Asks: 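To start, I am sharing the structure in question, which I have written as structure tokens.
Both ligands and their constituent atoms are indexed starting at 1 by order of listing. Any value given below was found using the heavy atoms of this structure, including those in side chains, with hydrogens, waters and symmetry copies removed. Predicted model, so just to flag it, every value in this text is computed and none were measured.
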Amino acid sequence: MPASNGGIEIDGDGDAFSAADQPTNSNVQVVVRVRPPNQREHEQGYKKAAAVDAAAQTLTLSVTPFARSFKFDYVADEDVGQEDIFQRVGKPITDACLQGYHCCLIAYGQTGAGKTFTMEGSFELFFCFVFGYARIFRFVNCFTTIPYSAFVQIYNEQVQDLLDPDSAHLNIREDTKNGMYVDGLQEVVVPSAEATYGVFRRGSQNRHVGMTAMNIESSRSHSVFTLVVESQRVVGGVMNRKTSRFYLVDLAGSERQKYSETIGIRLKEAGSINKSLSALGNVIKALVDISEGKVRHVPYRDSKLTFLLKDALGGNSKCTLIANVSPADKNGEETLSTLKFAQRAKLMRNAAVVNEDMLGNPAIMGEEIKRLRLEIATLRGRAILCLV
Ligand SMILES: Nc1ncnc2c1ncn2[C@@H]1O[C@H](COP(=O)(O)OP(=O)(O)OP(=O)(O)O)[C@@H](O)[C@H]1O
């Protein structure tokens, strides 16, 4: 944890900051993004097989025998740019993060479908937004925010620190109060959007990338960038502290060996990627069963990915999944598989709460509790008067 004097003074508007104090039990938000056709698809005699109806939020796959329609929270066609994606997807979840909720944005899809493209664009805007937001509220209520970041990849089932690539493989641990964390991970204080983006770029360069038939720069690992936003305010000797974690998860792409022509090291990587994505599918399946009232064991420990994302999947976190797909008929089978995965994920429910605690002199806190009890009693009294 960084020292508190590493913080930057921000601007906390009391109302905006505490507007989301109620626990929320909500479904995972699912967004589908179709990318433009690439050169390889044009060379193969491109035919568009993914029709988007933006108003109805549906995507219709029109390739035999995979033809089907799906409805999601938002469907973006190939002409939708990064700014729009950020406004529709990144901004609401960033707002929640700044209000004290843990949040998670996961990019899922076939290799070459546009996950990294989407996440990198979102990262840039996300950081600008976090810090821009901080500036808007400057001096209103004197919140101090201490953002810091960390970046890991899971490559062949091993967790590596992308900000310290020479370090040994790391272990994932669970803490009853703070949830999942990576032991020994470097955390970097980031006082500005530029600094955060710099940390992200530095880590990205250390990520395992390789050339496959489907993508000349294919990510061969899952990456998890974490931005922790800790905000503090002292009122009457009592410190109110909110800590939220934002996970930006860029998954490695699913691929079918018969199309991706992988051999040697790429084949081993593909086996590991597909195994962990299948573990992710099993966790989601169990969570959906639970949300339908069934009793199920959730196999979080079956992969490093699912264990690390335990809080984000079905836990104390708001979660958005972006499913990236190709528009081409040749990828119909993979697109169908991604859409089915996304449709299942939509049924998952998370229970997110604002992560807030109070620190201070017990006598002052006792007075504060008395004052709040009195306020609640007064409000209840007013509500009863309104009813009679
Ligand atoms: N919406 C888009 N608009 C323009 N180009 C895109 C879009 N989405 C993806 N691309 C381009 O398609 C190529 C593949 O995208 P990207 O590397 O993001 O795929 P990926 O899903 O992360 O693949 P992998 O799983 O193999 O890492 C890149 O050259 C990227 O610039």
Asks: Side chain, backbone, both or neither: which part of P36 has a heavy atom under 4.0 Å from ligand 1?
Replies: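 For P36, the contact with ligand 1 is made by the side chain alone.
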Asks: Whether the side chain of D161 engages the backbone of L185 through a donor-acceptor N/O pair (distance < 3.5 Å, no angle test) should be reported.
Replies: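 Not at all, since once roles are kept as given, no pair shorter than 3.5 Å links the two residues.
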Asks: So if I apply the side-chain contact (heavy atoms from CB on, under 4.5 Å) rule between H102 and each of C97, S317, C319, which one comes out positive?
Replies: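 When C97, S317, C319 are each tested with H102, the side-chain contact (heavy atoms from CB on, under 4.5 Å) holds only for S317.
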Asks: If you measure every N or O of A252 against every N or O of ligand 1, does any of those distances drop under 3.5 Å?
Replies: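 N/O-N/O distance below 3.5 Å does not exist for this pair.
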Asks: Do any nitrogen or oxygen atoms of V34 come within less than 3.5 Å of a nitrogen or oxygen of ligand 1?
Replies: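 For ligand 1, there is no N or O atom that lies under 3.5 Å from one belonging to V34.
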Asks: Please compare R207, K115, E120 and report which has the shortest non-hydrogen distance to atom 21 (O) of ligand 1.
Replies: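 When every heavy atom of R207, K115, E120 is considered, K115 comes closest to atom 21 (O) of ligand 1.
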Asks: Heavy atoms, side chains only, cut-off 4.5 Å: are Y181 and D175 in contact?
Replies: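 Yes, their side chains come closer than 4.5 Å.
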Asks: Can you find a non-hydrogen atom of E78 under 4.0 Å from ligand 1?
Replies: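 Checking ligand 1 against E78, which is what was asked, there is no heavy-atom contact under 4.0 Å.
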Asks: Counting only N and O atoms by type, is there a donor-acceptor contact under 3.5 Å from the side chain of R207 to the main-chain atoms of S221?
Replies: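 Present.
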Asks: Give the C-alpha distance, both sets of side-chain angles, the deciding distance and a yes or no for side chain to side chain donor-acceptor pair (under 3.5 Å) between T116 and D250.
Replies: CA-CA 6 Å; T116 304; D250 184 8; 2.8 Å; yes
Asks: Using a 4.0 Å cutoff against the non-hydrogen atoms of Q110, which atoms of ligand 1 qualify?
Replies: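 Reading through ligand 1 atom by atom, the close ones are 21 (O).
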Asks: Report the member of A76, G114, G81 with the shortest heavy-atom distance to atom 9 (C) of ligand 1.
Replies: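 Among A76, G114, G81, the closest heavy atom to atom 9 (C) of ligand 1 belongs to G114.
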Asks: If the contact criterion is a heavy-atom separation under 4.0 Å, does G109 count as touching ligand 1?
Replies: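 No, G109 has no heavy atom closer than 4.0 Å to ligand 1.
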Asks: Side chain to side chain donor-acceptor pair (under 3.5 Å) between Y155 and E269: does it pass, once the steps are laid out?
Replies: CA-CA 8 Å; Y155 177 67; E269 288 166 352; 2.7 Å; yes
Asks: Return yes or no for this condition: an N or O of T116 is under 3.5 Å from an N or O of ligand 1.
Replies: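 N/O-N/O distance under 3.5 Å: yes.
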Asks: Considering only heavy atoms of G253, which atoms of ligand 1 have at least one such atom less than 4.0 Å away?
Replies: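 Near G253, the atoms of ligand 1 are 25 (O).
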Asks: Quick one: does R33 get a heavy atom under 4.0 Å from ligand 1?
Replies: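 True for this residue.
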Asks: Above 12 or not: heavy atoms from other molecules or residues under 6.0 Å from CZ of R301?
Replies: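 No, because the 6.0 Å sphere around CZ of R301 holds 12 heavy atoms or fewer from other groups.
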Asks: Classify the angle between the aromatic ring planes of H42 and Y46 as parallel (below 30°), tilted (30 to 60°) or perpendicular (above 60°).
Replies: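 Judged by the thresholds at 30° and 60°, the geometry between H42 and Y46 is perpendicular.
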Asks: Pairs of nitrogen or oxygen atoms closer than 3.5 Å, one from D250 and one from ligand 1: do any exist?
Replies: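 No; every N/O pair is 3.5 Å or more apart.
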